Enquirer: 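Below you will find the structure I want to go over with you.
These figures come from a predicted structure and were not determined experimentally. Chain A is the first sequence line, chain B the second, and so forth, proteins listed ahead of strands; every chain is numbered from 1.
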Amino acid sequence: MKVYPPASENELLNNAKTIAGKTLQQIATIHELPIPLHLRNAKGWIGELIEISLGASATSLPEPDFQKIGVELKTIPVNRHGRPKESTYVCTVPLTPDIDIQWETSLVKRKLSRVLWVPVEADAGIPLPARRVGTAFLWSPDRQQVSVLRQDWEEFMDMIMMGELEQITARHGQYLQIRPKATNAEALRNGINMDGDKILTMPRGFYLRASFTSRIIEQMISQFHQQ
DNA sequence: TGGTGATCATAC
DNA sequence: GTATGATCACCA
């Protein structure tokens with residue numbers, strides 16, 4: 001079954017409702033896809049399955065997944081309490097950014113402006129085929145959240161432009177963090193050191209801390225209960 | 001045992 | 001090679 005890109009947020013939400021409560025086995029069967037034995041050698045499999053089942057179009061482009069409506073798709077592994085098990089990858093970190101790079105036009109901002117979060121059961125005790133997809137919800141950061149995300153991003157970009165990339169660890173950043181994002185430790189690319197010289201360094205990605213995505217889920221639940 | 005640093009697969 | 005989809009694995 002082929003799912004076409006949704007033309008509106010409502011259409012996307014309706015598509016998401018059709019997979020809510022289903023197991024990964026049920027969804028994979030609909031699309032005639034095999035299920036890997038475990039995620040160790042297929043880490044992105046759930047994300048790719050949900051992309052297919054919701055009609056995502058920019059699946060390996062530096063763009064929001066649903067290009068037409070500007071929505072980014074994120075599956076989020078949650079435990080039985082609904083708390084995220086992992087951080088959430090956002091996008092690649094520019095290692096040699098232009099001097100005039102700005103938050104307003106950054107990929108982090110574009111991707112996080114509108115996100116469809118799709119919770120997926122991730123307790124180790126549940127076999128992969130039996131894991132269920134939860135109720136998806138659309139989210140945009142509120143003013144306070146945008147403010148912190150922007151502050152994190154600007155501090156990171158300042159450090160990178162100052163040649164302090166190698167000093168950045170996953171401990172930096174309140175909501176965002178920067179961590180390696182590579183095939184392996186041998187995958188290097190160009191960066192800039194504190195002397196302004198070219199160096200080879202590990203490719204890195206922006207991630208949302210699990211403590212932050214946990215708050216997003218809690219907010220959604222409390223809004224739900226108020227209605 | 002939580003979080004940081006490392007890694008796996010795939011598309012083009 | 002560089003982007004995407006992420007989770008793994010180890011150690012403080």
Enquirer: Starting at the 5' end of DNA chain C, which residue's closest nucleotide do you reach first, A:V93 or A:Y207?
Expert: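 Closer to the 5' end of DNA chain C: A:V93.
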Enquirer: Measure distances between side-chain N and O atoms of A:K111 and base N and O atoms of C:dT4, and say whether any donor-acceptor pair falls under 3.5 Å.
Expert: no
Enquirer: Given C:dG5, B:dT7, C:dT4, which nucleotide is nearest the side-chain atoms of A:E51?
Expert: C:dG5
Enquirer: Once hydrogens and angles are ignored, does a donor-acceptor distance under 3.5 Å link the base of C:dG5 to the side chain of A:K181?
Expert: yes
Enquirer: With a non-hydrogen cut-off below 4.0 angstrom, is A:P77 in contact with a base, only sugar-phosphate, or nothing?
Expert: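 Answer is sugar-phosphate: A:P77 comes under 4.0 Å of backbone atoms only.
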Enquirer: Rounded to the nearest 0.5 Å, how far does CE of A:M157 lie from CG of A:D152?
Expert: 13.0 Å
Enquirer: Side-chain N or O of A:R189 less than 4.0 angstrom from OP1 or OP2 on C:dA3?
Expert: yes
Enquirer: With a 4.0 Å limit, can you tell me whether A:R171 has a side-chain N or O closer than that to the phosphate oxygens OP1/OP2 of B:dG5?
Expert: yes
Enquirer: Would you indicate which nucleotide in C:dC8, B:dT4, B:dT7 comes nearest to any side-chain atom of A:Q177?
Expert: B:dT4
Enquirer: Quickly work out the A:L128 CG to B:dC8 C1' distance and round it to whole Å.
Expert: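 Taking atom C1' of B:dC8 as the reference, CG of A:L128 is at 15 Å.
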Enquirer: Mind checking if A:T88 touches a base, just sugar-phosphate, or nothing, with heavy atoms under 4.0 Å?
Expert: nothing
Enquirer: In terms of the nearest nucleotide of DNA chain C, which residue is placed more toward the 5' end: A:K85 or A:E72?
Expert: A:E72
Enquirer: Can you tell me the distance, in whole Å, between the CG atom of A:L116 and the P atom of C:dG5?
Expert: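 Between P of C:dG5 and CG of A:L116: 13 Å.
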Enquirer: Are a donor atom and an acceptor atom from the side chains of A:S222 and A:Q226 found within less than 3.5 Å of each other?
Expert: no
Enquirer: Taking side chain to side chain contact (heavy atoms under 4.5 Å, CB included) as the criterion, tell me which of A:M162, A:E164, A:E166 meets it with A:M194.
Expert: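 Result: among A:M162, A:E164, A:E166, A:E164 is the only option passing the side chain to side chain contact (heavy atoms under 4.5 Å, CB included) with A:M194.
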Enquirer: Does A:T92 place a side-chain N or O at less than 4.0 Å from the phosphate oxygens OP1/OP2 of C:dT4?
Expert: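 True: A:T92 side-chain N/O within range (under 4.0 Å) of C:dT4 OP1/OP2.
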Enquirer: State which of B:dG5, C:dT4, B:dC8 makes the closest approach to the side chain of A:T169.
Expert: B:dG5
Enquirer: Can you see if the side chain of A:R40 gets near the phosphate of C:dA6 - specifically, an N or O under 4.0 Å from OP1 or OP2?
Expert: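 A:R40 to C:dA6 OP1/OP2: no side-chain N or O under 4.0 Å.
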Enquirer: I'd like to know if the side chain of A:R179 pairs up with that of A:Q177 as donor and acceptor (distance under 3.5 Å, no hydrogens or angles considered).
Expert: yes
Enquirer: What contact category does A:G44 fall into here, base, sugar-phosphate, or nothing, at under 4.0 angstrom with non-hydrogen atoms?
Expert: base
Enquirer: Report which part of the nucleic acid A:R179 touches: base, sugar-phosphate, or nothing (heavy-atom distance under 4.0 Å, all strands).
Expert: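 Here A:R179 touches the bases of the nucleic acid.
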Enquirer: Checking side-chain polar atoms at under 3.5 Å, does A:R83 have a donor or acceptor matched by the opposite partner on A:H81?
Expert: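 There is no such pair (donor and acceptor under 3.5 Å, judged by atom type) between the side chains of A:R83 and A:H81.
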Enquirer: Between A:N184 and A:R209, which has a closest nucleotide on DNA chain B that is more 5'?
Expert: A:R209
Enquirer: Roughly, in whole Å, what's the span from NE2 in A:H38 to P in B:dT7?
Expert: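 The distance from NE2 of A:H38 to P of B:dT7 comes to 18 Å, rounded to the nearest Å.
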Enquirer: Rounded off to whole Å, could you give me the CH2-to-P distance for the A:W45 and B:dT10 pair?
Expert: 13 Å
Enquirer: From CG of A:D123 over to P of C:dT7, roughly how many Å is that when rounded to an integer?
Expert: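 Between P of C:dT7 and CG of A:D123: 13 Å.
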Enquirer: Checking A:K2 against A:Y4: charged group under 6.0 Å from the ring centre and within 45 degrees of the axis?
Expert: yes
Enquirer: Within this structure, what is the CG-to-C1' distance between A:L61 and B:dA11, rounded to whole angstrom?
Expert: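 Rounded to whole Å, this separation is 9 Å.
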Enquirer: Measure from CD on A:E186 to P on B:dG5 and round the result to the nearest Å.
Expert: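 Rounded to the whole Å, the gap is 18 Å.
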Enquirer: A:E121 pairs by salt bridge (charged side-chain N to carboxylate O under 4.0 Å, His left out) with which of A:R132, A:K85, A:R131?
Expert: A:R132
Enquirer: Nearest whole angstrom, please: distance from the P of B:dG5 to the CE of A:M202.
Expert: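 From A:M202 CE to B:dG5 P: 10 Å.
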Enquirer: Tell me what A:A187 touches on the nucleic acid: a base, only sugar-phosphate, or nothing, going by heavy atoms under 4.0 Å.
Expert: nothing
Enquirer: When you check the phosphate oxygens OP1 and OP2 of C:dA6, does a side-chain N or O of A:T75 lie under 4.0 Å from one of them?
Expert: yes
Enquirer: It should be established whether A:N41 places a side-chain nitrogen or oxygen under 4.0 Å from OP1 or OP2 of nucleotide B:dA9.
Expert: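 Indeed, a polar side-chain atom of A:N41 lies that close.
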